[in-house]
Novice: 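What follows is a structure written as structure tokens; I'll ask about it next.
Source: prediction; values computed, not measured. The figures here come from the full heavy-atom set of this structure, side chains too, leaving out hydrogens, waters and symmetry mates.
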Amino acid sequence: MRPPPASPALPICCRLTARFGWVDMYRPARVCSRCKKAVPSGVRCDCTPEPRAADPRNVERAKPYSSPEWKALRAAHLKHNRTCTACCAPASVVDHVRAWKGNQALFLDPSNLQSLCRSCHSKKTASQDGGFGNPTEKKCGCDTSGNPLDPSHPWFVSQ
């Protein structure tokens, strides 16, 4: 059964929602940020793409952090090490000094942990762990013509 045609005499929220087969008098329509059309609240506009599916690599990477062993170790570490090792601000993140990369023994090793504030952890992740699209490690050495392999080498900056 088709919804009744929208009457121009109705308020905008009722006219738009009648088009979708339901009427919500209490939630006004919103304006789409992409195409600037009026869209009922809670409904995705036709021009808006579907949300991306979760990356399975991130799901696999996050599994060890939800284990009871990690949660207990993290809580104990933050209880005894309350300040950031980099800037002495209150710590909120427990970070691995050496990347564990699937090694469960290294993952749960208390000597491999450090307390960091969120800001210092973000800086470390960006610079060392390849976060935000940065390379994970610097390339050492030269190519066959003698130029350095690392694009951030001072040789390239001066040219």
Side-chain angles (χ1 to χ4, degrees), residues 13 16-17 20 22 24 26-159:
C13 62
L16 288 172
T17 54
F20 291 96
W22 51 273
D24 187 355
Y26 303 105
R27 294 174 64 188
R30 63 178 182 82
V31 176
C32 175
S33 60
R34 292 175 178 253
C35 66
K36 307 299 183 213
K37 291 191 303 188
V39 181
S41 183
V43 175
R44 184 185 310 277
C45 184
D46 297 333
C47 72
T48 306
E50 289 292 321
R52 293 185 296 180
D55 187 357
R57 293 175 296 179
N58 288 342
V59 174
E60 287 298 318
R61 195 176 303 133
K63 280 184 182 177
Y65 291 101
S66 60
S67 70
E69 296 88 3
W70 168 254
K71 289 180 180 181
L73 181 62
R74 180 187 183 279
H77 186 81
L78 282 176
K79 184 177 180 180
H80 296 292
N81 304 293
R82 296 179 181 185
T83 59
C84 176
T85 56
C87 69
C88 298
S92 60
V93 179
V94 176
D95 178 60
H96 291 93
V97 177
R98 294 182 316 276
W100 57 280
K101 297 185 181 178
N103 182 349
Q104 196 67 18
L106 191 58
F107 179 75
L108 296 173
D109 181 13
S111 64
N112 188 35
L113 301 178
Q114 64 181 348
S115 297
L116 295 175
C117 65
R118 188 156 307 280
S119 175
C120 291
H121 182 259
S122 295
K123 290 175 189 172
K124 178 193 178 270
T125 301
S127 64
Q128 294 177 7
D129 298 341
F132 309 108
N134 293 325
T136 54
E137 54 190 52
K138 290 190 173 190
K139 297 178 182 175
C140 296
C142 300
D143 61 10
T144 55
S145 61
N147 294 324
L149 294 174
D150 184 13
S152 63
H153 190 275
W155 172 268
F156 295 115
V157 175
S158 63
Q159 291 181 349

Novice: Donor-acceptor pairs under 3.5 angstrom involving side-chain atoms of residues 82-89: please list them, not counting sequence neighbours.
Specialist:
unit_1	atom_1	unit_2	atom_2	d
Arg82	NE	Lys79	O	3.1
Thr85	OG1	Gln114	OE1	3.4
Thr85	OG1	Ser115	O	3.3

Novice: When you compare the side chain of Val31 with that of Val39, does any pair of heavy atoms fall below 4.5 Å?
Specialist: no

Novice: Quick one: side chain to side chain contact (heavy atoms under 4.5 Å, CB included) partners of Ser145, sequence neighbours excluded?
Specialist: Asp143, Asn147

Novice: Applying side-chain hydrogen bond (donor to acceptor under 3.5 Å, both in side chains), name anything that partners Ser111, two or more places apart in sequence or on another chain.
Specialist: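 Ser111: side-chain hydrogen bond (donor to acceptor under 3.5 Å, both in side chains) contacts with Asp109.
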
Novice: Within this structure, what is the CG-NE2 distance for the pair Asn103 and His96, rounded to the nearest 0.5 Å?
Specialist: 10.0 Å

Novice: When rounded to the nearest 0.5 angstrom, what is the spacing between NZ in Lys123 and NE2 in His121?
Specialist: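 Interatomic distance, Lys123 NZ to His121 NE2, rounded to 0.5 Å: 13.5 Å.
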
Novice: Pick one: which of Val93, Leu116, Val97 meets side-chain contact (heavy atoms from CB on, under 4.5 Å) with Lys124?
Specialist: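 For Lys124, the side-chain contact (heavy atoms from CB on, under 4.5 Å) test succeeds with only one of Val93, Leu116, Val97, which is Leu116.
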
Novice: Would you say that Leu73 contacts Leu113 through its side chain, given a criterion of any heavy-atom pair below 4.5 Å between the two side chains?
Specialist: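 Of all side-chain heavy-atom pairs linking Leu113 with Leu73, at least one is under 4.5 Å.
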
Novice: How would you list, by chain and number, every residue that makes a side-chain hydrogen bond (donor to acceptor under 3.5 Å, both in side chains) with Trp70, sequence neighbours excluded?
Specialist: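 Once residues adjacent in sequence are excluded, Trp70 has no partner under the side-chain hydrogen bond (donor to acceptor under 3.5 Å, both in side chains) criterion.
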
Novice: If you round to the nearest 0.5 Å, how far is SG of Cys45 from CZ of Arg34?
Specialist: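 If we round to the nearest 0.5 Å, Arg34:CZ and Cys45:SG are 9.0 Å apart.
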
Novice: Minimum heavy-atom separation for Ser92 and Arg74, please, with both atom names.
Specialist: O-NH2, 2.9 Å

Novice: Work out which heavy atom in Arg44 is nearest to a heavy atom in Pro51; give both atom names and the distance.
Specialist: NH2-CD, 3.2 Å

Novice: By salt bridge (Lys or Arg N to Asp or Glu O under 4.0 Å), which residues pair with Lys63, not counting sequence neighbours?
Specialist: Glu60

Novice: Can you find a heavy atom in the side chain of Pro110 that is under 4.5 Å from one in the side chain of His80?
Specialist: no

Novice: Asn112: which residues meet the side-chain hydrogen bond (donor to acceptor under 3.5 Å, both in side chains) condition with it, sequence neighbours left out?
Specialist: none

Novice: Are any non-hydrogen side-chain atoms of Cys117 and Pro90 less than 4.5 angstrom apart?
Specialist: no

Novice: What closest approach, in Å, do Arg30 and Pro40 show between heavy atoms, and which atom pair accounts for it?
Specialist: NE-O, 4.2 Å

